[in-house]
Amino acid sequence: VANSYNSVNKSGSVFETKTESLRDADVSFHNARLGFDYTISSKTVFGVLFAGYLREFNKIANNETFYTTDGQLTERSTLINPSSDIWKHGMGNVNLKHIVKEDQDIEVNLDYLRYDYNNPSYYTIETEDESGNMLPGEEIDATKSTPITIYVGAVDYTQQMGSKLK
């Protein structure tokens, strides 16, 4: 529950706005990770890793605003806003590590990452005047979608150069 109150004194009249907001939310989070390493030889290891998650945040916000002038109700407005925040992430990794010599190795990693963020929102706005007459309302349908794809590749060569330096 969130409340706000504003008061403005202008030309001898007091204009007030009071808003009451009730937000009922439901959050779920699912996470998974699966991988394996396969030893090809005593010097070479091949690995694969998959991971991902799904996060959903669903809410319904009911907002009611009262407008008064000098203590008299002049307008009442309601805003109903069901919305969702949905994050999906998937990741894949393939790697290979090979020992060239006792003090040298080389490792190759290839990564693929995918994020999808969706935020559909719907707004219903209804307003009535001080006599209870309904004024023309509004309906707004908004969608935000953010796909992100990342590819990463790396080759690491490691060599021991003395007992304290690598």
Side-chain angles (χ1 to χ4, degrees), residues 1-38 46-97 107-156:
V1 174
N3 295 314
S4 68
Y5 172 79
N6 295 301
S7 178
V8 176
N9 191 338
K10 182 180 175 186
S11 303
S13 290
V14 178
F15 301 92
E16 297 172 293
T17 305
K18 179 183 174 187
T19 301
E20 298 172 352
S21 181
L22 175 63
R23 296 179 181 181
D24 187 20
D26 179 42
V27 180
S28 65
F29 191 86
H30 305 283
N31 197 9
R33 185 177 175 101
L34 174 67
F36 71 88
D37 286 334
Y38 177 72
F46 172 76
V48 176
L49 174 65
F50 299 101
Y53 66 80
L54 170 64
R55 178 195 170 269
E56 290 189 52
F57 178 85
N58 298 301
K59 73 167 176 63
I60 296 178
N62 293 306
N63 305 287
E64 191 167 30
T65 304
F66 302 91
Y67 303 91
T68 60
T69 302
D70 296 327
Q72 296 295 316
L73 181 67
T74 57
E75 194 172 278
R76 182 178 72 85
S77 179
T78 59
L79 169 74
I80 300 171
N81 170 229
S83 67
S84 297
D85 287 324
I86 303 166
W87 269 104
K88 295 178 186 175
H89 165 64
M91 182 277 283
N93 167 271
V94 176
N95 59 78
L96 182 71
K97 183 173 183 175
E107 189 170 348
V108 178
N109 274 285
L110 301 173
D111 296 307
Y112 170 80
L113 297 101
R114 175 69 183 197
Y115 297 91
D116 283 302
Y117 174 63
N118 291 300
N119 178 229
S121 296
Y122 187 77
Y123 301 88
T124 302
I125 304 167
E126 296 177 343
T127 305
E128 62 182 58
D129 63 18
E130 70 274 3
S131 301
N133 299 316
M134 293 303 292
L135 302 174
E138 291 183 69
E139 293 185 4
I140 302 168
D141 193 2
T143 301
K144 177 173 56 172
S145 179
T146 308
I148 302 169
T149 302
I150 301 171
Y151 298 94
V152 180
V155 176
D156 293 317

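In this chain, residues are counted from 1 in sequence order.
- At most 12 heavy atoms of other shown residues, nucleotides or ligands fall within 6.0 angstrom of atom CG in Asp24.
- In the model, Tyr123 has no side-chain atom that pairs as donor or acceptor with a side-chain atom of Glu138 under 3.5 Å.
- Listed by chain and residue number, nothing satisfies the side-chain contact (heavy atoms from CB on, under 4.5 Å) test with Asp26 (two or more places apart in sequence, or in another chain).
- For Ser4, the side-chain contact (heavy atoms from CB on, under 4.5 Å) partners two or more places apart in sequence, or in a different chain, are Thr19.
- Taking both residues in full, the closest heavy atoms of Glu75 and Leu73 are given as O-CD1, 3.4 Å, listed atom of the first, atom of the second, then distance.
- Taking CG of Asp116 as the start and CG of Leu54 as the end, the distance is 11.0 Å to the nearest 0.5 Å.
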Exercise. Apply side chain to side chain contact (heavy atoms under 4.5 Å, CB included) to the pair Tyr122 and Thr124, showing each step before the final yes or no.
Key: CA-CA 7 Å; Tyr122 187 77; Thr124 302; 3.3 Å; yes
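- With no hydrogens or angles considered, no side-chain donor-acceptor pair links Asn6 and Thr17 at under 3.5 Å.
- Remark: the backbone N or O of Ile80 is not paired with any side-chain donor or acceptor of Asn62 at under 3.5 angstrom.
- Side-chain contact check for Asn81 versus Lys59: some heavy-atom pair is nearer than 4.5 Å.
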What side-chain donor-acceptor pairs closer than 3.5 Å can you find for residues 28-37, not counting sequence neighbours?
none

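- Distance check, rounded to the nearest 0.5 Å: CD1 of Ile150 to OH of Tyr115 gives 6.0 Å.
- The CD1 atom of Ile140 sits 4.5 Å away from the CD1 atom of Ile125 when rounded to the nearest 0.5 Å.
- Rounded to the nearest 0.5 Å, atoms CG (Asn9) and CG (Asp70) are 8.5 Å apart.
- Environment of NZ in Lys88: sparse, with no more than 12 heavy atoms of neighbouring residues, nucleotides or ligands closer than 6.0 Å.
- Asn93 and Asn95 are linked by a side-chain donor-acceptor pair at a separation below 3.5 angstrom, with hydrogens and angles left out of the test.
- Here Phe66 contributes atom CZ and Glu16 contributes atom CD; the two are 13.0 Å apart, rounded to the nearest 0.5 Å.
- Checked against Pro120 for a side chain to side chain contact (heavy atoms under 4.5 Å, CB included), the options Ser83, Ser84, Ser145 give a single hit: Ser84.
- The environment of Ile60 atom CD1 is sparse: at most 12 non-hydrogen atoms of other residues, nucleotides or ligands sit within 6.0 angstrom.
- Relative orientation of the His89 and Tyr53 rings is tilted, given thresholds of 30° and 60° on the angle between their planes.
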